[in-house]
Amino acid sequence: MSTPAAIRSWEAHFTQYRSVWKTNVMGSFVQPLLYLLGMGLGVGALVDDSGRSDALLDGLTYFQFLAPGLLATTAMMIAANEAMWPVLGGFKWWKKFHSEAATPLTPNEIAGGVALWQITKSCIAVVGVATVLALFPDTRSWGLLLAIVFGTLTGAAFAAPISAWSATRDGDYSFPTINRFVITPLFLFGGAFYPISQLPDWMEPIAIATPLWHGVELCRNAVYDRLEFWPTVGHLAYLVTLAVVGWVMAARSFNRRLTL
Amino acid sequence: MNPPASTPLIEARQLVKRFGDFTAVGGINIEVRPGESFGFLGPNGAGKSSTMRMIGCVSPPTSGDLNIFGLDATRHGKQIRGRMGVVPQLDQLDEQLTVQDNLIVYGRYFDIPRAECKRRAQELLEFVQLTDRADSKIEPLSGGMKRRVSIARSLINEPDLLLLDEPTTGLDPQARHVLWDRLYRLKQQGVTLVLTTHYMDEAEQLCDRLVVMDGGRIVAEGSPNELIREHSPREVLELRYPAGTNEEHAFEVEGIGHRQEALPDRILIYADDGEVALKEVHARGSIPESVLVRRSSLEDVFLKLTGRSLVD
Ligand SMILES: Nc1ncnc2c1ncn2[C@@H]1O[C@H](COP(=O)(O)OP(=O)(O)OP(=O)(O)O)[C@@H](O)[C@H]1O
Ligand SMILES: [Mg+2]
């Protein structure tokens, strides 16, 4: 029985991860947990006492509102960073992809292994956060399982286009900029911490246009069993399209760079 | 299964590689037969690695024909790569993995079952004498050890053809001899070796046949002995004079031997008999600081063909 090539390429990433997974998993847990406790409980007390939260948060407490969004934001951050340095470095510093290209693996399969690995990493992080949510009665639900899928998909939607970018870079100068001007703003303005209806009118469409908002909506609605058919289809279509188009572009970058 | 011995394992006709306007390989013809060990010798930028990467099916030729194992390299790259081992000019090992895991992970790329990868990894580490470092990470290993890991890794798929791009550059003499010995054993096992090198002694040691490349072209071809016989008299007389006085002394010894080369640090006189040439030097009253008579080597062939020294 032969194993699909992209999976065999994925195995290399996994083998490497095994030696660092402890610190890595801790890292992906701790940050969302801090936000959950710091914001969820602290800001939550403030918001819930204001008496306006019912209307604004669709009957959820602030803690309940915030928690599922962290599934999507965590996936975004993990996936985005996995798509920056490791992808550039695989070409430029460690030549990992070049050494794969000398074997029967094709550039498409190598890019496929990278994508699978980014999805895996996103999934591990999302499962970590979901486990935390399962500890709190307020956020414990079977919907978490579906939210894990949606969170992972959000990761893929970020990883793929960013990989396509990273695979064409010669240096890492742009990466801090991406973090500062794309990832962090999305984290703050993407609907995880408050409904985007709270944003100034001109900002709301921008927030809707970003992939994070769609991921946040999916995760939140999944956890509280509020998924509606057409909006869900819309969110999914958006994220899947981004992931697929991003991946096709990434694969093209890999092909170009590995067959000089 | 190799094709019958009469068909070449590698056959390149008018092979060209261009990068933009720049021609790295300018239309070369080569033929490597099964079991042979074949070398590309040349200075920096000669186009050795570019050629190797085309043979390795990771860099499509700009034009020309390239057949490996009787298959067209542009169309059957995947299949060809599966039967080939590659040691790139710079090690591309996964520094964060252990020596053993580097081999196993690489074997998986060839779809070799994990258990079999493990077995072969053990065997190969024994072969390159690194069994005791199997569980060490790559990072702390010395350059020579990393090179040996690279060679072990390239053998994980039991290749019929092994491509080695400057296998011993940067290694100390002892490490080089260990590697030469291992490569020689592979050759005895029937593996076809194709290697590039800057080093004449390496080419003389390892290659049945070689081409001298310069500026993307082949300037000479043959066995090491043939090349020396054809392009250089049997012996070389090396004369060293006090620094900076080479030119005037070159004038003193002009006409002795078949040919002369004035290098920055010495004058070489090519002659059938070095001792006779030396007598003549003395007879003319020229007194070098030191003299050396040696057999001519590929280095001298290279110097004659390109007018440049090989080692920078
Ligand atoms: N990807 C590339 N893009 C542009 N030019 C390249 C590329 N690869 C190689 N070259 C150029 O092609 C020429 C031949 O390079 P190559 O690496 O084949 O030489 P080489 O004989 O292996 O040299 P060395 O002994 O230094 O390894 C060089 O001038 C090099 O700059
Ligand atoms: Mg080279």
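Computed from a predicted structure; not experimentally measured. Reminder, nothing fancy here: chain letters follow the sequence lines and each chain counts from 1.
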Sub-4.5 Å side-chain heavy-atom contact between Thr103(A) and Tyr106(B): yes
Show your working on side-chain contact (heavy atoms from CB on, under 4.5 Å) between Glu100(A) and Tyr109(B) and close with a plain yes or no. CA-CA 7 Å; Glu100(A) 290 188 70; Tyr109(B) 296 157; 3.4 Å; yes
How about residues 250-260 of chain A versus chain B: which residues have heavy atoms under 4.5 Å apart? Leu258(A), Thr259(A), Leu260(A)
Could you tell me whether Tyr184(B) atom OH has more than 12 heavy atoms of other residues or ligands within 6.0 Å of it? no
Under 6.0 Å from the CD atom of Gln189(B), do we count more than 12 heavy atoms belonging to anything else shown? yes
Minimum heavy-atom distance between Arg81(B) and Leu105(A), given as atom pair plus value: NH2-O, 3.2 Å
Keeping the roles fixed (side chain from Lys78(B), backbone from Pro104(A)), state whether a donor-acceptor pair exists under 3.5 Å. yes
Nearest-0.5 Å distance that lies between atom CG in Leu93(B) and atom NZ in Lys95(A): 13.5 Å
Is Arg169(A) atom CZ crowded by more than 12 heavy atoms from other residues, nucleotides or ligands, each under 6.0 Å away? yes
Derivation and outcome, side-chain hydrogen bond (donor to acceptor under 3.5 Å, both in side chains), residues Thr3(A) and Arg108(B): CA-CA 9 Å; Thr3(A) 316; Arg108(B) 293 293 295 143; 3.3 Å; yes
Rounded to the nearest 0.5 Å, how far does OG of Ser99(A) lie from CG of Asn102(B)? 8.5 Å
May I ask you to check whether over 12 heavy atoms, not counting those of Lys118(B), lie within 6.0 Å of atom NZ? no
Roughly how far, to the nearest 0.5 Å, is OG1 of Thr98(B) from CD of Gln16(A)? 11.5 Å
Considering only heavy atoms, which portion of Val86(B) lies under 4.5 Å from any heavy atom of chain A: side chain, backbone, both, or neither? side chain
Are Glu11(A) and Val105(B) packed together at the side-chain level, in the sense that at least one heavy-atom pair is separated by less than 4.5 angstrom? no
Neighbour count >12 (heavy atoms, 6.0 Å) for atom CD, Gln89(B): yes
